[in-house]
Amino acid sequence: MQPAAQFRKVDVDEYDENKFVDEQEEAVEQQGPDSLEVDTLIRQGDMLSAFHAALRNPPVNMKNQAVKERAQAIVLKVLTSFKSSEIEQAVKSLDRNGVDLLMKYIYKGFEKPTENSSAILLQWHEKALAVGGVGCIVRVLTARKTV
């Protein structure tokens, strides 16, 4: 009778591939970029460090829309602060995932344009496309997790 008792302790639903589990892993490290750090770096003129700081800790797993909008505003502020001649160097300093993340922010910026942001975002898009290729666009447009 021992095997029958073990059988009853097995949770069959644990092995069901159609069972939906809502991800509650909104970790502290994904609260978005640190706006104070980014602002300080912009004031110091260290645009490349501000760029990398803005792309750090993206809120991709967040469901809180306010956090995502705050992160988008920080990234957009950095992107608009760059000189046109420095954009290519900044994009080339990113790895493949970084270029994909940048492209996500660029497309998010296209959704809600502000004054003169579309022209600047198009410059960034051109450089990101040159570095990441068409695959970068495909990965961003098909990604389920957004910024």
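For clarity, every value in this text was computed on a predicted model and none was experimentally measured.
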Measure across [X] and [Y] and return the closest heavy-atom pair with its distance rounded to 0.1 Å.
X      : Y      : answer
Ala54  : Val78  : CB-CG2, 3.8 Å
Ala53  : Leu41  : CB-CD1, 4.1 Å
Ala128 : Ile106 : CB-CD1, 4.4 Å
Val147 : Pro58  : CG1-CB, 4.5 Å
Gln89  : Leu48  : NE2-CD2, 4.2 Å
Cys136 : Met103 : SG-CB, 3.8 Å

Rounded distance [0.5 Å steps], [atom1] in [X] versus [atom2] in [Y]:
X      : Y      : atom1 : atom2 : answer
Leu79  : Ser117 : CG    : OG    : 10.0 Å
Gln123 : Ser118 : CD    : OG    : 11.5 Å
Lys108 : Thr146 : NZ    : OG1   : 5.5 Å
Leu102 : Leu121 : CG    : CG    : 9.0 Å
Glu37  : Arg56  : CD    : CZ    : 4.5 Å
Glu69  : Ile74  : CD    : CD1   : 12.5 Å

Give me each pair satisfying ring pair (Phe, Tyr, Trp, His ring centres under 6.0 Å) with a member in residues 121-147, each pair once, sequence neighbours excluded.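 Matches after skipping sequence neighbours: Phe51-Trp124, Phe82-Trp124, Tyr107-His125.
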Check: [Y] and [X] side chains under 4.5 Å, non-hydrogen atoms:
X     : Y      : answer
Leu94 : Leu55  : yes
Lys92 : Lys127 : no
Leu76 : Thr114 : yes

Would you kindly confirm whether Leu36 and Met47 end up in one hydrophobic cluster when ILVMFWY residues are joined by side chain heavy atoms under 4.5 Å apart? no
Walk me through whether Ile42 and Lys77 qualify under side chain to side chain contact (heavy atoms under 4.5 Å, CB included). CA-CA 9 Å; Ile42 290 175; Lys77 183 193 317 180; 4.1 Å; yes
Only counting residues at least two apart or in another chain, list the ones meeting side chain to side chain contact (heavy atoms under 4.5 Å, CB included) with Asp95.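 By the side chain to side chain contact (heavy atoms under 4.5 Å, CB included) rule, Asp95 matches Asn97.
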Side chain to side chain contact (heavy atoms under 4.5 Å, CB included) partners of Ala71, counting only residues at least two apart: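 Pro33, Pro59, Tyr105.
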Between the main-chain N or O of Asp46 and the side-chain N or O of Ser49, is there a donor-acceptor pair closer than 3.5 Å?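 Not confirmed, Ser49 side chain does not pair with Asp46 backbone.
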Taking Lys104 for the side chain and Lys145 for the main chain, is one N or O donor matched with an acceptor at less than 3.5 Å?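 Yes; at least one donor-acceptor contact below 3.5 Å.
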Would Lys63 and Lys68 satisfy side chain to side chain contact (heavy atoms under 4.5 Å, CB included), going step by step from the backbone distance to the final call? CA-CA 8 Å; Lys63 291 187 176 43; Lys68 288 186 173 196; over 6 Å; no
Could you walk me through whether Leu129 and Glu126 pass the side chain to side chain contact (heavy atoms under 4.5 Å, CB included) check? CA-CA 5 Å; Leu129 176 62; Glu126 175 188 7; 5.9 Å; no
Could you check Arg96 against Arg139 for side chain to side chain contact (heavy atoms under 4.5 Å, CB included), going step by step and ending with a plain yes or no? CA-CA 11 Å; Arg96 190 182 105 172; Arg139 285 189 297 275; 3.7 Å; yes
State whether the number of non-hydrogen atoms from other residues, nucleotides or ligands found under 6.0 Å of Glu115 atom CD is greater than 12.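 Atom CD in Glu115 is not crowded, with 12 or fewer foreign heavy atoms closer than 6.0 Å.
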